[in-house]
Undergrad: 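What follows is a single structure, and I will ask about it in a moment.
Sequence lines set the chain letters: A, B, ... in the order given, protein chains first and strands last, and positions in each chain run from 1.
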Protein chains: 2
Amino acid sequence: MNNLTNTKKDNASDITLDEKDIAILQLLEEDAKMTIRDLAARLNLSATPVYERIRKMEQAGVIRQYAAIVDPSKIDKALTVLCYISLKEHGKKAGGKFIKEITSFPEVMECLNISGQFDFMLKVQVKDMYAYHEFNVNKLGELDNIRHMESVFVMSVIKATHRVVY
Amino acid sequence: MNNLTNTKKDNASDITLDEKDIAILQLLEEDAKMTIRDLAARLNLSATPVYERIRKMEQAGVIRQYAAIVDPSKIDKALTVLCYISLKEHGKKAGGKFIKEITSFPEVMECLNISGQFDFMLKVQVKDMYAYHEFNVNKLGELDNIRHMESVFVMSVIKATHRVVY
DNA sequence: GGTGAAACGAATCTTTC
DNA sequence: GAAAGATTCGTTTCACC
């Protein structure tokens with residue numbers, strides 16, 4: 001199933017991170033609006049090296065982006081569904097077509113190529129069960145390469161973070 | 001951020017969002033560093049109303065936080081595992097204990113209470129298979145309320161976004 | 001590698017209309 | 001909604017450790 005996806009393109013330069021870089025990342029993961037001066041004060045550094053470290057990590061792709069995190073329930077997208085899919089054909093062409101279509105759906109927040117009985121796990125964010133049904137019928141139902149599908153519903157979110165640095 | 005210490009409307013303040021609010025959210029979800037002036041120019045507004053709308057959405061909890069999104073593979077956390085867990089006891093006390101312990105693990109990025117044969121899905125972000133084994137033995141293995149566990153490995157990430165506004 | 005200070009343009013935020 | 005002002009921030013540059 002490896003031929004379904006491109007092996008990653010490393011156009012960004014590699015970089016070695018020390019403890020101070022890690023500390024900066026941890027703080028920015030929690031609050032990207034923290035100023036360089038605040039970061040410098042917390043790390044007992046001056047502003048210049050902090051600024052340079054951030055710039056390098058941005059350039060190297062360590063920091064992919066700065067994002068506002070929106071609460072789904074506040075914008076009428078309260079239902080999260082995990083949708084497991086296995087394909088009929090796993091060839092490069094058929095798999096690529098599936099990927100292209102799946103990624104174009106805004107309801108699909110995440111699409112992971114996984115081990116086990118299914119090929120993909122989708123995380124779908126919609127308003128309610130009716131909206132998920134519509135998504136299933138009108139979008140997934142239009143795809144011709146799906147062998148099997150299974151929906152797992154998220155009843156409550158115990159933990160959800162973007163932090164990967166620890 | 002000053003609005004973390006707001007004096008008014010601390011409770012579940014509901015808010016009605018119009019098309020302009022939605023447009024602001026969509027832009028900030030992609031680039032939180034976009035300036036208020038840029039946003040104003042894009043929406044054919046002046047800076048003041050854009051500033052006020054953002055402030056209100058921050059206060060109402062629509063915008064939960066501003067975060068730097070870090071690439072896991074660049075910080076030596078290249079392996080993602082979905083870990084499915086069912087408990088022995090589902091009582092409030094036993095479940096609460098499990099939740100408290102699970103959320104304290106930094107490797108656990110996500111913990112979802114789900115429908116189906118398992119109770120929880122964990123998204124675990126670690127360095128490699130060895131680190132996952134260590135996590136399994138030393139952390140999950142120490143929990144006494146686990147009936148069954150199953151690991152699904154993420155082979156590649158097709159799509160990963162935090163965008164929920166569309 | 002780092003400090004500390006200084007400076008400019010641009011941003012945020014408050015006030016007033 | 002707009003406009004203007006005060007304040008703070010990001011950014012670059014410098015001499016120096």
Undergrad: Should we count NZ of B:Lys139 as having more than 12 external heavy atoms under 6.0 Å?
TA: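 Check passes, neighbour count above 12.
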
Undergrad: Name the nucleic acid region contacted by B:Lys20, choosing base, sugar-phosphate or nothing; use a 4.0 angstrom heavy-atom cut-off, strictly under.
TA: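 The residue B:Lys20 makes sugar-phosphate contact but no base contact.
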
Undergrad: So, do B:Val108 and B:Thr103 sit near enough that their side-chain heavy atoms are less than 4.5 Å apart?
TA: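 Contact flag for B:Val108/B:Thr103 side chains = no.
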
Undergrad: Could you measure the distance from the CD atom of A:Gln125 to the CD1 atom of A:Ile75? Nearest 0.5 Å is fine.
TA: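 If I round to the nearest 0.5 Å, the distance is 7.5 Å.
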
Undergrad: Any idea which of C:dT12, D:dC9, D:dG1 is nearest the B:Arg37 side chain?
TA: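 My answer, after comparing the listed nucleotides, is C:dT12.
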
Undergrad: Expressed as a whole number of angstroms, how long is the span from A:Arg53:CZ to D:dT11:C1'?
TA: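 Rounding to the nearest Å, CZ of A:Arg53 and C1' of D:dT11 are 18 Å apart.
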
Undergrad: Whole angstroms only, please: what is the CD-C1' distance between A:Glu58 and D:dT11?
TA: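 Rounded to the whole Å, the gap is 12 Å.
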
Undergrad: Nearest of C:dG4, D:dT11, D:dG1 to any side-chain atom of A:Ile36?
TA: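 Closest of the options to the side chain of A:Ile36: D:dT11.
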
Undergrad: Under 4.0 Å, counting only non-hydrogen atoms across every strand here, what does B:Asp38 touch: a base, just sugar-phosphate, or nothing?
TA: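 Answer is nothing: B:Asp38 stays at 4.0 Å or more from every strand.
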
Undergrad: Taking only side-chain N and O atoms of A:Arg55, does any of them lie within less than 4.0 angstrom of OP1 or OP2 on D:dG10?
TA: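 Result: no.
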
Undergrad: Of the options C:dG4, D:dG1, C:dA11, whose atoms approach the side-chain atoms of A:Thr48 most closely?
TA: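 Closest nucleotide among those given: C:dG4.
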
Undergrad: Which nucleotide wins on minimum distance to the side chain of A:Tyr51, given the candidates D:dG1, C:dT3, D:dT11?
TA: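 Closest nucleotide among those given: D:dT11.
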
Undergrad: In whole Å, I'd like the distance from the CD1 atom of A:Ile24 to the P atom of D:dG10.
TA: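 Checked: the CD1 to P distance equals 13 Å.
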
Undergrad: Assess whether a salt bridge exists between A:Lys123 and B:Glu110, defined as any Lys/Arg side-chain N lying under 4.0 Å from an Asp/Glu carboxylate O.
TA: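 Salt bridge between A:Lys123 and B:Glu110, a charged N being under 4.0 Å from a carboxylate O: yes.
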
